[in-house]
Amino acid sequence: DLYQSDSLRPLRRTKRRWIITTFELEEEDKEPFPKLVGQLFNNVSYNMSLRYLISGPGVNESPEVGLFSIGDDAEGHVYVHRTIDRENTPYFKIRFDVAHRVTGKIVDRSLIFIIKIKDINDNAPKFPKEEFNITIKENHNTDEPVFQVTALDKDEEDTANSRVTYSLTTQTPNLKEPRFNIDPTSGLIVISGCLDYQTASSFKLLIKARDHGTPQMSSPATVNIAIEDTNNHPPVFTKENYQLQIAEGKVGPGVLRLQVEDQDSPNTPAWRAKYNIVKGNEKEQFIIETDPETNEGILSLIKPVDYEGDSEKRLVISVENEEPLSSCHKGKPRSPPVVPISASVAVKVLDTNDAPEFHPPTLAFQKEEGVKPGTRLGVYSAVDPDVVPNKIKYKLVHDPSGWVTVDENSGIVTAVKELDRESSYVNNSVYLIIVHAIDDGVPPKTGTGTILLYLSDINDHMPTLVTRSLEVCDKARLTPLIIKAEDNDSHPFSGPFTFKLADDSKNIKQNWRLGKSFGDSVELLMLRSLPRGKYLVPLLILDRQGFSMKQNLSVRLCHCPDGRVCEEPNSVSVSLGGGAIAVILAALLLFLVAGCLLLLCLCGSERRKSQANLPFEEGNQTLIKYNEESENFLSQGVQYSRHVETLHRRPRNEMVRTVGDTLNQRLYHLSNLEENMVMYQPHIYAEEGKLEISGSFSSLLTVDNELPKDFLDTVGPTFAALSEIYRK
């Protein structure tokens, strides 16, 4: 307990200069106070006048400030001023110093001294609670502890004052068996023998904990043990045999109640019964449940019974508890062998009129579509299950298309209309027919049968376009258009389809091509930019059997302001560039020539009326003089005079419309090319006074975008002369 503290000076070996008498303090020491507990001495006092100083816990620091002091600082006497409780402060760590009496300077190293308080047995062992309440099962295993109690003694550890021993003082009720015991060292409570809830449902144990100090001290605690009833009494039927009468064809709950008795506590797992039908319910017609209030078994009929099949039945019903049964054997609980407890129920079935039964309840007929009226499809008959069969008649109750009839006596099913697999009443190739069989019993009963008429397909439909017209933005060149086809036939008379262009003409091949096929659809590619308008694309669509039909797809090329939706035809506007203006000028010249021809036609007509003998060639001579500057331009005009009369007979508005439509398409095409065209220097067609060699309006057309070469051949005989002019 005595040691010297370190100082700030370098360590070196020195002789001990402090001398302290033994400090002995015992807790709970009695008055009077203050009491001398010891004396300090330092041999430095031989050379100078000293003062002894004391500080630390118990002096000027907590805990217990002012507990210790030095009565005479010159002599070093240490005093204690009051009683000490060891359980609160088992020791004090005090600092002793020695100082020069005049200067107050510390003249030696400090001494740290621990004053230990001696323990006395002033505390009894204490339980955390004065009373404990626990519950154990009636079939508690005797090898397992029931409970454990622990008491704590505050006296010095590992001494006789704090060592605790436990004992069982009393047991109430005090039975020979079972007996409770407690381990004196650990406080574990154990049991010997079997518990019986009916004999004692609870126990009260008085436990004592004592120490080994002087004087010996102790304290009590009470342990209340509640016994939970377990299943040590099996349920017993109040009757062993029951009688039951039920009508065939009926179902219902609670046709019979079975009662049991059980000596265990009500509404516990040890008392609640579980019923089971162990024999006679092979068809699962009965179920049995437990009434939670009365603990009775409720027998219910969930499927109708048949007098013809089982006029009498015998059910065997067993019962047990929710909790397994237990018993006591040689002072220890155990689970006994299970002995079935059962009752017998004799069931008598009363005969009633049963409905006819179709066998099977659902019958399938498979026929090929197109079956003609009068064809026998099959027979669907029912039987009467009664012991004495009744007469049966058949009635058709569901035939939405009116395709069949059923003979009321034989059940023969006959087609009265041609069967069509594509009918809206056919679902997945199946047509549903429902037939009733009605007996003449009392009361009459009806049985229901279902006919599933499976119709196999024939190839009686050709593939057709799902959509016969498309609208396409004029900027969609080389963007695939998806063409979809459908066929009302089923496999193998439908898809996948084979798509072909039905026209091999040069005009079709230059504009359109079929791309990748997807079985029921194909890509249509526009190979070059076409003028706005409507186009017919002839297609040939073949099914798997090679059957096909030529169809036309109408494709309308239109202007799309937003790039997706076509503009209405009336709102189309065309901007004109340099190339378009050139075409307009050419068109005006063509109209001028056409006008001249019309005038010639009219003049010739008038002259024939007034001068029948005037030579017809005079008009041709005038036409040659019309364009003298380029004589070869109309040099062949004489030979077309024979067409004047024909031209006169053609309606003028038809000619104007044909030329106008063609020019509109040409103008639109050139206007679309304006954005990407390279600007060229103006072309000099002829110098003044020189003969123009080309001499044709076709020079105004841009390369790679000429009108179709056969265009003027398609406008009819009215424009034969104009066609020749155009070529020249």
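Given the structure is predicted, the values throughout are model-derived calculations rather than measurements.
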Rounded distance [0.5 Å steps], NZ in Lys154 versus CG in Asp119
13.0 Å
Quick one: NE2 on His77 to CD on Gln39, what's the gap to the nearest 0.5 Å?
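One gets 3.5 Å once the value is rounded to the nearest 0.5 Å.
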Do the charged groups of [X] and [Y] touch, with an N to O distance under 4.0 Å?
| X | Y | answer |
| --- | --- | --- |
| Lys445 | Asp439 | no |
| Lys137 | Glu228 | yes |
| Lys35 | Asp29 | yes |
| Glu312 | Lys348 | no |
| Glu64 | Arg82 | yes |

Polar side-chain atom of Glu27 near backbone of Arg86 as donor-acceptor pair, under 3.5 Å:
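Looks like yes, one N/O pair under 3.5 Å.
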Ser265 side-chain N/O to Asp229 backbone N/O, donor-acceptor pair under 3.5 Å
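Not confirmed, Ser265 side chain does not pair with Asp229 backbone.
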Distance alone, cut at 3.5 Å: any donor-acceptor contact between the side chains of [X] and [Y]?
| X | Y | answer |
| --- | --- | --- |
| Thr290 | Arg272 | no |
| Asn123 | Asp153 | no |
| Ser55 | Arg95 | no |
| Asn161 | Asp211 | no |
| His436 | Thr446 | no |

With a 6.0 Å cut-off (strictly less than), is the heavy-atom count around [atom1] of [X], excluding the residue itself, greater than 12?
| X | atom1 | result |
| --- | --- | --- |
| Tyr91 | OH | no |
| Gln148 | CD | yes |
| Glu261 | CD | no |

Would you please indicate if the ring centroids of Phe68 and Phe92 are separated by under 6.0 Å?
yes
May I ask you to decide if the ring planes of Phe132 and Phe127 are parallel, tilted or perpendicular, using 30° and 60° as cut-offs?
perpendicular
His100 and Ser49: side-chain hydrogen bond (donor to acceptor under 3.5 Å, both in side chains), yes or no, with the steps?
CA-CA 6 Å; His100 194 281; Ser49 178; over 6 Å; no
